[in-house]
Amino acid sequence: MPDALPPHPDRHAPVMLPMTLTVNGTDHTLTLDARTTLLDALREHLHLTGSKKGCDHGQCGACTVLVNGQRVNACLALAVMHQGDHVTTIEGLLGPDGGQHPIQAAFIAHDAFQCGYCTPGQIMSVAGMLAELQAGVPSHAASDVAAAPAPTDAEIRERMSGNLCRCGAYTHIVDAVRALSGGADAQASASAMGTAIATGTQVGRTAAAMAGAVAGAR
Amino acid sequence: MQPFTYERAATPAAAVAAFAAHPGAHYIAGGTNLLDLMKLQIETPAHLVDVSRLPLLEVEDTADGGLRIGALVHNTALASHPAIRARYPVLAEAILAGASGQLRNKATTGGNVMQRTRCNYFYDLARPCNKRQPGAGCAAIGGHTRIHAILGASEHCIATHPSDMAVALQALHAVLHVQGADGERDIPLDALYRLPGDTPHLEYTLAAGELITGVTLPPAPAGRMRYRKVRDRASYAFALVSVAAVLDVQDGRVASVRIALGGVAHKPWRAHAAEAALLGQPATEATFLAAADAELAPARGWGGNDFKIPLARRVIARTLHELAGEA
C-alpha cells in the first residue's frame, strides 16, 4: 500500500550494487541497478539475447532459464538475488559433443516452431521439465499424485503450460517432447533426457570448480 | 519499478531486525508475485530484505505425527515430497493445480499464502481500487465481475484470494509460525486472513515485520481427500471455484469432514456451515447438496459472477460424492 509508506530519503535515486553472476559456467562481475531482473542482466548486460522478453510478468515463459538446473522465469527474478546460483541459458545448453543439444534437434526434427520467438524459452522449459519428470515430480494431469509420472501427451501439455506459443506450434512441440521423453517415437529418449539433466548439473559443477579455483587463488 | 535498497538476511532474527530498521521495507523470497506488482508500481518497497537464503527449507515429521514445512520450501519441492503425496495428497493436488512449472520452482510456501489478489481492477492503475488507495472506490463493482467473490465480500471490495495451496492448507487446519520483533508465535492459517469490510487494504493479520518461518500440518485427518479446481483454461489459470475436501464415511454416515473453497472469497474460505450440516448425516447426494446450500445461503453475486453460486454448489457436491464413492 504505497500511501501507507513513510517518506524515504532519496526514494528516486537508483541504487547500484556490485554482483557476481555465474552464467553458463562463467563468472561475470557487474555493477547493476538493484532493480535489474535476471532477464535484463542476461540480455542487456551480458548480451545473451537468446532468452526472450515476452510479457515480462511471468505469464508467457519466453524468458525461461535454468537456475541450479531448475526452470524459472528470468523476468520474475532479481539479478542480485541470484548471486551464487548457476544460471543456464539457451546459449549454454549444449549437446554431449558441445554442439546441438538433443532438445534442439528434436524441435527441428518435429518442426516445433514457427516464428521462433518463444522457442528458446520452450527449449529451456523442456530441459527443466524432463529433469522434473525423471526426478518423479508429479503434475496436475496425474490421477494419483503419489504415483510415478508417465510422459503422456496430457502430462506434456500440462507441464508445458507455462510456455505460450502465439503461432500455435503446440502440437509439434508435444511431438518433440514425446520423442524426447519416452513416447511413441523415442529413439534417443534416454540419452536425450540424460543430457538435458546433465547440462544443468554439468554446467553447475564446472562453475563450482571454477569458483573453487578462483577462491583458491585468492 | 521504484528504486529500492537491498540486503540479504542470514538468519530470521537478522531479517526481522533489518525490516524494523528500514521504513518501507518488504520481505522478498520467490518474488513471483511481489516483483510483478513492483513492475506495475502497485508495490513500491523502499528496501528489500531478501529472505530467500534463510535456512527454512526442511520438511520434518512432528512428534504428534504431523508435518512441519519450512517457509522457503518451494512449491515444486513440497508437491513432490513423499510425505505430502502419501499423507496429504490434497495439498500436492492443490499446489500442482496452481501457476506453471517455472513459477512453482520459485514460489515458496510462505509467499504462496501471502499472495495478493489478481482482481483486474487492483492491477489497473487507471481505475479506482480501495485496496490500492483506501477510499478511492471499487471499480470491480459494476464492472466485469466474472472472477470476483460471492462470499464475505463488502461494498468496498469484492476481490478474491488467488492461492490454490492455501485452500488445501485451510482444509488441513494448518498452523503458521511467525517471527517478529516481539518474538515468535503460532497462528491458525484461518486467522491470517481478514475479510475486506471497510478496510480492504488490510489483508493479513500479521504485524508489520512479522516473518512467516514455517507451516505445520496437524496429523492427516481420517478419510479421503481431494482438490478440485474449475477454471477458464485447462491449465495455468486462477480458480473460478475450487474445493479442497477431506471426507470420512463410516457405516454410510459422515464421521468427519473438512471443506475449504477457493476463488469465492477474499480469503481461502473454510466452509463451516457445510461441515456442520454434514456431520453424522447419511453420505448421499441429497445431503451433499443440502450442505452446499447451507454454505452458500449468504452468497451474493455481482452480475458477472452469479454463475459461481450454482457452480460452487455442484463442485462441492461432486467432490464429496467422489470421495464417498471411493470410501
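From a predicted model like this one, the values you see are computed outputs, not experimental measurements. In the text below, chain A, chain B and the rest are named by the order of the sequence lines, each starting its count at 1.
B:Arg53 places a side-chain N or O within 3.5 Å of a backbone atom of A:Met81 that can act as its donor or acceptor partner. Under the 3.5 Å distance criterion, the side-chain polar atoms of B:Arg85 are matched with a main-chain donor or acceptor of A:Ala147. Within the 3.5 Å criterion, the main-chain N or O of A:Cys75 finds a donor-acceptor partner in the side chain of B:Lys39.
In plain terms, the two heavy atoms of B:Phe4 and A:Arg35 that are nearest each other are CE2-CG, 3.5 Å.
Contacts between A:Ser139 and chain B at a heavy-atom distance below 4.5 Å involve the backbone alone (N, CA, C, O). The parts of B:Ile28 that come within reach of chain A are both its backbone and its side chain, each placing non-hydrogen atoms under 4.5 angstrom from that chain. Both the backbone and the side chain of A:Asp56 come within contact range of chain B, with heavy atoms under 4.5 Å apart. In this structure, chain A has no heavy atom under 4.5 Å from any part of B:Ala83. Heavy-atom distances place the side chain of B:Tyr6, and not its backbone, under 4.5 Å from chain A.
A distance of 9.5 Å separates CD in A:Gln83 from CG in B:Asp50, rounded to the nearest 0.5 Å. A:Glu158 contributes atom CD, which lies 8.0 Å from atom CG of B:Leu96 (distance to the nearest 0.5 angstrom). A distance of 11.0 Å separates CG in A:Leu38 from CG in B:Leu35, rounded to the nearest 0.5 Å. Here the straight-line distance linking atom OG of B:Ser52 with atom NE2 of A:His82 works out to 7.0 Å at 0.5 Å rounding. Atom OG of B:Ser235 sits about 11.0 Å away from atom CZ of A:Arg159, to the nearest 0.5 Å. A distance of 9.0 Å separates OH in B:Tyr123 from NE2 in A:His57, rounded to the nearest 0.5 Å.
Enclosure of atom CZ in B:Arg318 is not indicated, since only 12 or fewer non-hydrogen atoms of other residues, nucleotides or ligands lie within 6.0 angstrom.
Residues A:Leu76 and B:Leu103 meet the side-chain proximity criterion, which asks for heavy atoms closer than 4.5 Å. Contact annotation: the side chain of A:Arg71 never approaches that of B:Thr76 to less than 4.5 Å [non-hydrogen atoms, C-beta and beyond]. Within the 4.5 Å cutoff, the side chain of A:Leu78 has heavy atoms near those of the B:Leu48 side chain.
With respect to chain B, the highest number of heavy-atom pairs below 4.5 Å among A:Ser161, A:Ala146, A:Pro138 belongs to A:Pro138. Of the listed residues A:Asn163, A:Thr64, A:Val137, A:Asn73, the one with more heavy-atom pairs under 4.5 angstrom with chain B than any other is A:Asn73. Interface remark: of the candidates B:Gln2, B:Gln102, B:Met1, B:His81, B:Gln102 forms the most heavy-atom pairs closer than 4.5 Å to chain A. Options B:Lys229, B:Glu93, B:His74, B:Arg8 differ in how many heavy-atom pairs under 4.5 Å they form with chain A, and the most are formed by B:Arg8. Taking chain B as the reference chain and counting heavy-atom pairs below 4.5 Å, the highest number among A:Gly61, A:Ala77, A:Ala142, A:Ala135 is found for A:Ala77.
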